[in-house]
Amino acid sequence: MTHHLQLTQLVDACRWIGAKGWAPATGGNMSVRQDDALCWLSESGKDKGSLTTDDFLQVEIATNRAPSGRKPSAETGLHTLIYRLFPQANAVLHVHTVNATVLSRLTKTPELSISGFEMQKSLSGQTTHLDTLTIPVFDNDQDIDALASRIAHYAQERPLNYGFLLRGHGLTCWGRDVAEARRHLEGLEFLFECEMRLRQLERL
Ligand SMILES: CSCCC(=O)C(=O)COP(=O)(O)O
Ligand SMILES: [Zn+2]
């Protein structure tokens with residue numbers, strides 16, 4: 001599928017994310033890969049629920065530079081890191097959901113473990129609720145280069161699939177195309193909601 005079609009699908013995904021309330025107050029950023037060298041990233045500071053194709057900027061994956069001179073997302077360095085680390089990743093979605101924000105703060109350890117849910121199978125490669133899903137949780141950082149280095153270091157040591165949490169900040173996830181990235185986002189968010197509700201009820 002050409003990147004033009006993927007960009008149209010990404011715009012649809014952004015509207016869906018906005019309607020879900022997962023990108024409040026300009027939070028979140030989204031991208032698709034064009035090829036090995038370039039991706040299209042949302043412009044910084046815009047309401048991500050009402051973007052058009054004109055609100056996406058071409059960015060060099062190797063350098064984070066935007067040839068247009070316009071300002072791509074403040075979190076450009078995380079998108080390009082994912083495209084460098086995972087050649088099969090072609091779409092990246094970053095959202096500020098309440099569940100991701102709160103659960104990442106409740107998780108004091110470097111990883112969130114989730115098991116026992118049928119919906120784990122919404123994530124590619126997962127075949128049973130009996131497996132334990134491991135989602136890394138990285139401390140948030142305003143220094144995106146430093147944050148990207150920590151994530152790259154983690155990926156050298158441990159499997160990094162589907163996505164990661166940024167503590168007190170949100171979820172970044174990806175897929176082979178926009179449809180898979182959307183499914184991973186919806187599946188992970190469902191699992192986070194279940195985990196949150198279970199924890200609340202278990203404290204009663
Ligand atoms: C009020 S959102 C704070 C910045 C952020 O975390 C985000 O996801 C949006 O930043 P961008 O530069 O992509 O608009
Ligand atoms: Zn963010």
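Remember, it's 1-based here, ligands and their atoms both numbered in the order they're listed.
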Which residue and heavy atom of the protein sit nearest atom 10 (O) of ligand 1, plus the separation: N29 ND2, 3.8 Å
Centroid separation H129 to F117 less than 6.0 Å: no
Distance from atom 3 (C) of ligand 1 to nearest protein heavy atom, with residue and atom: H96 CE1, 4.2 Å
For Y83, ring pair (Phe, Tyr, Trp, His ring centres under 6.0 Å) partners two or more places apart: none
Which residue and heavy atom of the protein sit nearest atom 13 (O) of ligand 1, plus the separation: S73 OG, 2.7 Å
Nearest candidate to atom 7 (C) of ligand 1, where distance is taken over non-hydrogen atoms, out of M30, E75, Q142: E75
Protein contact to atom 1 (C) of ligand 1 [nearest heavy atom, distance to 0.1 Å]: A25 O, 3.5 Å
R158 vs T134 side-chain heavy atoms within contact, under 4.5 Å: yes
Pair E189-T97, side-chain donor/acceptor within less than 3.5 Å: yes
Check against salt bridge (Lys or Arg N to Asp or Glu O under 4.0 Å), D141 and R150: CA-CA 10 Å; D141 201 325; R150 278 192 280 124; 3.3 Å; yes
Minimum-distance protein heavy atom relative to atom 12 (O) of ligand 1: S44 OG, 2.6 Å
Nearest option to atom 9 (C) of ligand 1, as decided by whichever heavy atom of G28, A74, S31 sits closest: G28
Ring pair (Phe, Tyr, Trp, His ring centres under 6.0 Å): pairs with one or both residues in residues 41-69, sequence neighbours excluded: none
Whether K71 lies under 4.0 Å from ligand 1, heavy atom: no
Near the Zn ion (ligand 2) (under 2.8 Å) - protein N, O or S atoms: E75 OE2, H94 NE2, H96 NE2, H169 NE2
Residue pairs fulfilling ring pair (Phe, Tyr, Trp, His ring centres under 6.0 Å) with at least one residue in residues 88-112, sequence neighbours excluded: H94-H96, H94-H169, H96-H169
Ligand-residue contact atoms, ligand 1 with G27, heavy atoms, under 4.0 Å: 2 (S), 8 (O)
H184 and Y162 aromatic ring geometry - parallel, tilted or perpendicular at 30°/60° bounds: perpendicular
